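These notes are about the structure you will find just below.
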There are 2 protein chains.
Amino acid sequence: MNQSFNAFQIVADPSRRQMLQLLSQDSMTINGLAEHFDMSRPAISKHVRILNDGGFISIQDKGRERHCTLKQDGFNELQQWIDYFDKFWLNKLKKLETLINQKSKQ
Amino acid sequence: MNQSFNAFQIVADPSRRQMLQLLSQDSMTINGLAEHFDMSRPAISKHVRILNDGGFISIQDKGRERHCTLKQDGFNELQQWIDYFDKFWLNKLKKLETLINQKSKQ
DNA sequence: TAATTAAGTAACTTTTAGGTTACGCAAAGA
DNA sequence: TCTTTGCGTAACCTAAAAGTTACTTAATTA
């Protein structure tokens with residue numbers, strides 16, 4: 001498979017977001033995850049692979065089971081992007097305050 | 001057109017993210033935006049509509065021109081989602097610290 | 001008022017994300 | 001060792017996202 005997603009595309013899918021949500025409660029095997037979804041196991045496998053490739057989860061093989069755990073890496077890119085715009089709004093607010101202060105001094 | 005996107009889908013598209021990036025520098029008309037992209041104007045129009053519907057930008061009509069400005073609303077849903085996992089990691093870190101502290105007391 | 005400019009709409013095409021079924025393989029149990 | 005279980009891969013299908021061209025409309029300008 002040749003699918004390569006960026007962090008934003010990865011969390012754009014509702015099922016994948018739900019998986020991250022579930023894994024934030026507890027680490028799970030592939031089948032454990034699958035129980036929560038109304039789709040075939042291969043479909044689950046695909047999502048898991050995408051989450052793994054994107055650094056949102058890590059996978060520990062234990063015999064024939066694969067245990068999925070949340071991993072911070074994938075979230076970082078999103079975080080940074082959000083942070084950038086956060087600063088934009090904060091800055092805008094600051095400028096507005098300065099403006100109001102100047103007005104009140106007149 | 002009947003396209004309805006959630007906040008995550010909206011920022012999943014690289015062109016739309018670039019638009020938000022550009023608008024964080026300065027507000028722009030539709031054609032102003034279009035200059036930065038290698039795609040037809042109708043394609044730009046579509047993206048702008050999606051950003052507007054999602055509350056990521058607002059549009060002020062000035063004559064035949066439409067001026068686009070960043071708007072905070074759309075970012076909020078993303079922010080909240082990120083915050084949830086932020087807390088997850090912080091919490092995990094705290095638990096780890098507690099564990100280390102307990103060890104050192106033994 | 002005729003021409004130009006800024007932008008939207010409609011209809012269509014292409015690409016791709018997300019799903020399926022069928023099959024294979026290795027680990028675990030009977 | 002035979003069967004079951006947990007999971008992956010391959011090939012395929014479908015729906016929808018993202019793009020196109022052709023046309024329209026309304027504001028501006030010559």
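Keep in mind it's a predicted model, so treat the numbers as computed, not measured. Labels below follow one simple rule: chain letters A, B, ... track the order of the sequence lines, proteins then strands, and each chain is numbered from 1.
- Between the NZ atom of A:Lys46 and the P atom of D:dA10 there is a distance of 11 Å, rounded to whole Å.
- B:Ile59 is listed as a side-chain neighbour of B:Val48, based on a closest heavy-atom distance under 4.5 Å.
- The distance from atom CD of A:Glu65 to atom C1' of D:dT5 is 9 Å, rounded to the nearest whole Å.
- Computed from coordinates, the A:Asp53 CG to C:dA17 P distance equals 13 Å when rounded to whole Å.
- Rounded to whole Å, atom C1' of D:dA16 lies 14 Å from atom CG of B:Asn6.
- In this structure, of C:dA7, D:dA18, C:dA17, it is C:dA17 that holds the atom nearest to the side chain of A:Phe5.
- One atom, CZ of A:Arg66, and another, C1' of C:dC25, lie 14 Å apart when rounded to the nearest Å.
- Proximity of the aromatic rings of B:Phe56 and B:Phe75 is defined here by a centroid distance below 6.0 angstrom, and this criterion is met.
- Within residues 19-42 of chain B, the residues approached by DNA chain D to less than 4.0 Å at the level of any non-hydrogen atom are B:Met39, B:Ser40, B:Pro42, in residue-number order.
- Other residues sharing the hydrophobic cluster of B:Leu96, ordered by chain and number and joined by side-chain separations under 4.5 Å: B:Ile100.
- Taking atom NE2 on B:His47 and atom C1' on D:dG19, their separation rounds to 8 Å, with Å as the unit.
- Each of C:dA27, D:dT20, C:dA17 was ranked by its minimum atom distance to the side chain of A:Arg64; first place goes to C:dA27.
- Across the protein-nucleic acid pair, A:Arg49 atom CZ and D:dG8 atom P stand 9 Å apart, rounded to whole Å.
- Within the 3.5 Å criterion, the main-chain N or O of A:Ala12 finds a donor-acceptor partner in the side chain of A:Arg17.
- Straight-line distance from the CG atom of B:Asp61 to the P atom of D:dA27: 10 Å, rounded to whole Å.
- When ring centroids are compared, A:Phe85 and A:Trp89 stay outside the 6.0 Å threshold.
- B:Phe37 is listed as a side-chain neighbour of B:Ile44, based on a closest heavy-atom distance under 4.5 Å.
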